[in-house]
Amino acid sequence: MLAKERFAIRERQLEGSHEFVPFTAQTRMSGLDLDGRRIRKGAAEAVKRWVAEQGGAPPDELDRVVDTISRAGSTPLVVADGRAVLGVIELKDVVKQGIREKFEQMRQMGIRTVMITGDNPLTAAAIAQEAGVDDFLAEATPEAKMALIKAEQEGGKLVAMTGDGTNDAPALAQADVGVAMNTGTTAAKEAGNMVDLDSNPTKLIDVVEIGKQLLITRGALTTFSIANDVAKYFAIIPALFAATYPQLSTLNVMKLHSPTSAVLSAVIFNALVIVALIPLALRGVRFRAASATAILRRNVWIYGVGGLIVPFIFIKLIDLILVALHAY
């Protein structure tokens with residue numbers, strides 16, 4: 001639209017006399033060959049190199065303008081016509097509101113965030129600081145994106161990536177979890193493991209939370225079950241074999257009434273606890289943003305220690321009730 005207004009160009013004038021030059025991650029620029037004119041638009045270094053190849057010389061103030069735009073967090077696009085540089089277009093990336101808080105939430109979950117962009121390092125650094133990401137990769141090609149993900153995976157990390165472009169497709173396929181944006185290209189959608197219909201990059205937080213909640217719930221139930229079995233056997237075995245092995249009497253800390261009441265109390269408790277755990281299994285353990293170590297420590301205390309203490313209390317109560325109702 002700007003070019004049409006500035007140079008009074010109409011689309012019908014381009015028919016039959018032009019050739020579009022598509023953008024690629026390798027050339028980092030696109031353009032139009034029109035009636036002998038070769039117009040290019042793209043990254044500053046790429047266009048400067050192309051102008052030099054045409055025998056031209058970029059103006060001295062070009063680097064200063066590009067640097068000023070980059071440090072402000074905008075993307076400078078240099079436009080050239082053959083050997084002459086026409087000017088610089090400033091594109092301002094708008095950081096979504098609340099994105100910084102989302103990245104902080106990821107940090108609390110033990111997730112390191114890396115922004116991968118085709119922008120120059122100065123622009124990338126400014127945007128990364130504004131958004132609050134942990135690190136960034138600038139002037140990234142598809143090969144560089146894949147290399148970064150492979151390096152993290154070789155270091156034992158699980159990598160999740162969001163992307164929407166064709167150049168993101170190889171990296172999305174390489175990542176352990178690839179989330180393609182619904183507004184992205186077909187290649188990106190096909191390469192990813194899932195497609196975010198809202199096209200919100202921070203939706204990855206929801207994916208991680210659901211996955212961690214499933215793992216935490218499974219771990220919590222397993223921990224409770226093992227601790228629960230240990231406590232039950234600790235309660236039953238001394239009562240059953242104390243007559244045969246009097247030494248086991250010292251382990252009968254619960255002082256259950258008889259072997260019969262001990263076994264029956266444990267069976268009744270086991271039936272009740274399975275029913276009591278069904279709502280927890282369906283609802284899941286509540287996820288809180290924390291490191292894996294903190295989550296493990298919390299689960300061990302709640303479901304491990306709790307799984308040891310609860311059976312002792314309830315088996316003893318059931319034993320008292322049985323004895324009160326019947327004589328064992």
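Start at 1 with the first residue, then count along the sequence.
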Is there a side-chain contact between [X] and [Y] (heavy atoms, below 4.5 Å)?
X	Y	result
Thr123	Thr117	no
Arg38	Trp50	yes
Glu19	Leu32	no
Val179	Met181	yes
Asp196	Asn182	no
Pro76	Asn120	yes
Phe269	Val310	yes

Under the side chain to side chain contact (heavy atoms under 4.5 Å, CB included) rule, collect the residues that match up with Ile111, sequence neighbours excluded.
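Side chain to side chain contact (heavy atoms under 4.5 Å, CB included) list for Ile111, sorted by chain: Met106, Met109, Val208.
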Should we say atom CD of Glu90 is surrounded by more than 12 heavy atoms from elsewhere, each under 6.0 Å from it?
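Yes, because the 6.0 Å sphere around CD of Glu90 holds more than 12 heavy atoms from other groups.
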Would you indicate whether Phe23, at its atom CZ, is surrounded by more than 12 heavy atoms from other residues, nucleotides or ligands within a distance under 6.0 Å?
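It does: Phe23 CZ has more than 12 such atoms within range.
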Please report the closest heavy-atom contact between [X] and [Y], naming both atoms and the distance.
X	Y	result
Pro121	Glu139	CD-OE2, 3.6 Å
Pro142	Pro170	CB-CG, 4.4 Å
Ala188	Ala180	O-CB, 3.3 Å
Ala131	Phe103	O-CD1, 3.2 Å
Ser30	Pro22	CB-C, 4.0 Å
Gly304	Ala227	O-CB, 3.2 Å

Nearest 0.5 Å, please: how far is [atom2] in [Y] from [atom1] in [X]?
X	Y	atom1	atom2	answer
Ile315	Leu272	CD1	CG	10.5 Å
Glu104	Thr113	CD	OG1	9.5 Å
Leu308	Ile313	CG	CD1	11.5 Å
Asn167	Glu143	CG	CD	8.5 Å
Met161	Asn193	CE	CG	12.0 Å
Ile321	Phe314	CD1	CZ	10.0 Å

Going by an N to O cut-off under 4.0 Å, is there a salt bridge joining [X] and [Y]?
X	Y	result
Arg71	Asp67	yes
Glu61	Arg64	no
Asp33	Arg40	yes
Lys48	Asp63	yes

Are the side chain of [X] and the backbone N or O of [Y] linked by a donor-acceptor pair below 3.5 Å?
X	Y	value
Asn228	Phe224	no
Arg112	Asp135	no
Arg100	Val133	no
Asp168	Gly165	yes
Thr217	Ala281	no
Ser74	Ser70	no
Gln174	Ile149	no
Thr185	Thr166	yes
Lys145	Ile116	no

Are [Y] and [X] linked, directly or through intermediate hydrophobic residues, by side-chain heavy-atom contacts shorter than 4.5 Å (ILVMFWY only)?
X	Y	answer
Val51	Ile39	no
Ile274	Leu221	yes
Ile210	Val159	no
Ile318	Leu320	no
Val47	Ile69	yes

Passes side-chain contact (heavy atoms from CB on, under 4.5 Å), Val177 versus Met194? Steps please.
CA-CA 8 Å; Val177 178; Met194 59 189 76; 4.3 Å; yes
Please test Asp176 against Gln153 for side-chain contact (heavy atoms from CB on, under 4.5 Å), starting from the C-alpha separation and ending with a verdict.
CA-CA 9 Å; Asp176 298 290; Gln153 291 172 331; 3.3 Å; yes
Under 3.5 Å, is there a donor on one side chain and an acceptor on the other for Thr24 and Thr27?
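The answer is yes; a qualifying pair exists.
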Under a plain distance cut-off of 3.5 Å, with no hydrogens placed, do Thr223 and Asn299 share a side-chain donor-acceptor pair?
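Distance-only check fails for Asn299 and Thr223.
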Can you check side-chain contact (heavy atoms from CB on, under 4.5 Å) on Val79 and Val88, steps first, answer last?
CA-CA 6 Å; Val79 182; Val88 183; over 6 Å; no
